[in-house]
Amino acid sequence: MSRIQESVIVRTVVRIMVPFILLFALYVIMHGAGGPGGGFQGGVIFGAGIILYAMIYGIDAGKKKISDALDRILASTGLTIYAGTGLLCIISGGMLLQYGAVPLLPDNPAEVSKYLIDFVEIGIGITVSAVMISLFFDVSSPESEEAEE
Amino acid sequence: MTGFELIATHLPVLAVVLPLIAGFLTPIVGWIDRRLPWYWVILAMFVVLLVTGNNLMTVINSGTIHYKLGGWDPPYGIEYVIDLLNGFVCLIIAFIGLMVAIYSKESLKREVPGKTTPFYSVFLLLITGLMGMTITGDIFNFYVFLEISSLTAYALIAMGDRGDGVVASFNYLIMGTVAASFILLGIGYLYAVTGSLNMADLQDLLPSIYESRVVLAALAFFMVGFSIKVGLFPLHAWLPDAYTHAPSTASAVIAGLMTKVGAYAMIRFMFSVFTPVFVIDMTRMADILAWAAALAIVVGSVLAIAQSDIKRMLAYSSISQIGYILLGIGLVNMIGVQGGLLHILNHALMKCALFLVAGAIFYRTGIRNLYQFQGLGKKMPVTMTVFLIAALSMIGVPGTVGFTSKWYLALGSIAAEHWIFVFIILLSSLLNIVYFWRVFDNIWFGHPHEIEHLQRDEAPLSMLVPMVILAALCVFFGLFAYYPLHYVLEPLSEALLGLGGVP
Amino acid sequence: MSGVLDIVYAEYNYWIYVTLMMIGFYAMIAKKNLIKKIIGANIFQTAIFLFYISLGEVEGGTAPILVGGHGEHAAEVAHEVIYVNPLPHVLILTAIVVAVSTTAVALALVIRIYQEYGSIEEDVILAARRKLQPEFSEHARLKGGEDE
Amino acid sequence: MIWVLDITMLLFLVVCAIAAITIKDLLSAIIILSAYSLIMAIVWVEMQSVDVGFTEAAVGAGITTVLFIATLARTEGRSED
Amino acid sequence: MKTLALFVVILAGAMLIYAGQDLPAFGDINSPAYQHRMTQYFIENSLSESGVPNIVTALLANYRGYDTLGETTVIFTAGMAVILLLRRREK
């Protein structure tokens, strides 16, 4: 449509870059425990990667990758992971979100909480990226109104 | 540990987590079948009602409940504290939420067609936000849930009248963001001078630095922020439009609950974060609040008389009713505080009922202008009886719950030797009669020419049931005000004023 | 002279934050353009975040990521290094997310308002509402005294 | 003399903020807001709060700007004040 | 309207400056926020109790994990709200 969207250079660069952005996003999510980063930052970057793709290749192409229904389900899934972890702690006899109570490695609660923190960060990442993508699609595309489901 | 004991331990947190989980699973439920979300919401709200009821019973029988989230001792982690005050408010939230949820089925089909699934999801998240604000014992956690409830409220209001609804919602958003930012600022100030975020811990740490200007500024920011949230008089500009143009379901839940929770938060911060000594004697904040509330009572009632749109009239009357609650708190004597707290229950019941009635009239006739209501008394007798009872309660006729709370407020004013407040309460009751009389006059004695063609046409059953229950409760608590007063409010106001806050 | 400079130096963050907050707050309530209001809200909120982060700052402190790796060493190392206060950072991480959510909802509302009225200027919208509903102008007149 | 740099950046923040609310062209205002967020992120990283700086760079300068510009594309780009 | 706004803003600013005199100095290690038992507790125990070296992550996901659950909910709410506002109705 616009000049930028037709430019071969931009299209090629975006096509090459997007997978690396997504990879970096996953790295940021998983790296949250040891350094700066975490579910939010990673989720936002992941969303930004998809948004970049959709900006250059068009909203419809973006929606082919992540449809509205999938997006909605992903947003719920991330929160389910988080809240599910919390409930798992309750079932294991602890308080809500008391990671140490989960009997994964009975002798080392700190190690358990390390893994569960990673797990929870993944949940946050999924929700955040799904919501960011859905926000962009909704705000930017008049045509999404008709194309709903 | 048996399953039952396991659940019993975690009931305090389930009051918040259940609507949360139900809220984000609603899109999936709606994806399975579009008719399911209504049943889903009813189920969720019913379970939440049982949970909060059980919590309040536990508090009455065995004292304050502490729940350590994540198992961390306060102040390191976040703590949930349920005492009489928030147990009571939570029960109101759950109950009004359930009533409105039942009512919403038909009304949403008409007013928000085709969007019921996300609407219910947002509705449940609103309940989550209000619950979380109420239960929490950590001021930053309070802020997070405050934002959940605000965001959902903006979305719900925007679903109302085309154009007007969105503009009202945007204005509310700007005001709400200012309010939330002030509250965040106040939290930051308290953290800067104490290093803590836990309410109980703050209450221990603060008295030694009450001379600090930072603490005073924090209190000022909290009070301004909450005043915007409850729509206290000079800061009420967002409220009439928002209540008028929201869908009737949203009006009922927002008018019934949002401002009550705001008032609760004000009480909580005044008496449980700061101490009565600070708010009453050192800063005179209680006096300021009482006078502002008295002003709101008069101005709200006067402006209500000038309205012809029924929802707008109810919105202005909300401004004056909020004044009653805050007046009671500002009086800071036993009987006045009891009156103010009882008015939380009272106003939630009757204002919710009135908005539901307005919605039912709109559903059947499409009319909101009260001068066109002629003859509705014969067309929709049950609905109009509900309206009559709720309005009488609003005026404060003996035998309704409104009478009891006004009576206590007047006694409290006399005890505080503020005779002017007694006069204001009487004056406002007269003004209430004036503006409700116009409606009664049209409904029962007017000649039906606008809606002549209609036969006797009562609202659908799913709308009638919650309205009738609410009206019945207005009368029930009017006749048996002893129960809430004796079991909850008397010990509560003693704790609030006596020992320096809720234990 | 040096006394004044010391005060300014010791609290310069604070002055900047107050200035930014006033700028944002002013834009929120005085600007007629809806997008400008949202920009103001963003500046207001970021200013508050700056205040929080300044609270956490400790002279000579390092970022709150434990150096020296894992296990038993970590506790020893923790005593040797001064870390800045991590709690304000956590609070602000949460608050940033809240701020972006509010912005998103506000922008969605702006789009809806534009669809309805064809403008994002507050006074044009007000005029359009007056024209659409005769009843509204009555309210506006009655309300005029207390709102404006 | 690192504090000179600090003060310069903070003053630049104020300049950006004033520019963002006074400029009549909304696209420019938003780009300036984005620059403001980025400088803010740098200030925070300099204050040793790396996580928050990272987030602000991703959220404030990234997503918020994208959403603003997407909104502008569907509304109008000029402001009367 | 503009003068009223200016007045309100200056009032708020004056309040902030008034309060600012009593705030702890910038970067002061003796500030109440740093000296509160919480701060030292987090720095010393976060690794042994949560197993992650980044204290901010430990706080975010573990000690104040419930705040983060709320925060994720806020994001989800925003997504739902925008869907509610901008999408046309389902068929």
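In what follows, chains are A, B, ... by sequence order, proteins preceding strands, each numbered from 1. The figures that follow rest on heavy atoms only: side chains count, while hydrogens, waters and symmetry mates do not.
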Smallest separation among heavy atoms of C:Val84 and C:Pro64, with atom names: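 Closest approach of C:Val84 to C:Pro64: CG2-CD, 3.7 Å.
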Heavy-atom closest pair, residues B:Tyr154 and B:Lys229: OH-NZ, 4.3 Å
Counting heavy-atom pairs closer than 4.5 Å to chain C, which one of [options] comes out on top?
options: B:Leu173, B:Leu197, B:Val299; result: B:Leu173
options: B:Ala158, B:Ser169, B:Gly165; result: B:Ser169
options: B:Thr177, B:Val166, B:Asn171; result: B:Val166

Aromatic plane relationship, B:Phe222 with B:Phe269 - under 30° parallel, 30 to 60° tilted, over 60° perpendicular: tilted
Parallel, tilted or perpendicular: ring planes of B:Tyr243 versus B:Trp238, cut at 30 and 60 degrees: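 Because their plane-to-plane angle is over 60°, the rings of B:Tyr243 and B:Trp238 count as perpendicular.
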Which portion of [X] sits near chain C, non-hydrogen atoms under 4.5 angstrom:
X: B:Phe170; answer: both
X: B:Tyr189; answer: both
X: B:Leu184; answer: both
X: B:Val144; answer: side chain
X: B:Ile187; answer: both

Region of [X] in contact with chain B, defined by heavy-atom distances below 4.5 Å:
X: C:Phe49; result: side chain
X: C:Leu91; result: both
X: C:Thr94; result: side chain

Point-to-point distance, once rounded to the nearest 0.5 Å, from CD1 of C:Ile29 to CE of B:Met175: 9.0 Å
From B:Ile228 atom CD1 to B:Ile174 atom CD1, the distance as rounded to the nearest 0.5 Å: 11.5 Å
Contact leader toward chain B among C:Ala41, C:Pro88, C:Ala108, C:Ala95, where contacts are heavy-atom pairs under 4.5 Å: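 Maximum pair count with chain B is reached by C:Pro88.
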Residue selection (most heavy-atom pairs with chain B, distance under 4.5 Å) from C:Ile125, C:Val110, C:Leu34, C:Asn85: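 Heavy-atom pair counts peak at C:Leu34.
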Flag side-chain contact, heavy atom, 4.5 Å: C:Thr103 against C:Ile38: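 Side chain of C:Thr103 against side chain of C:Ile38, heavy atoms only: contact under 4.5 Å found.
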salt_bridge(B:Lys311, B:Asp161) N-O dist < 4.0 Å: no
B:Tyr191 ring center within less than 6.0 Å of C:Phe51 ring center: no
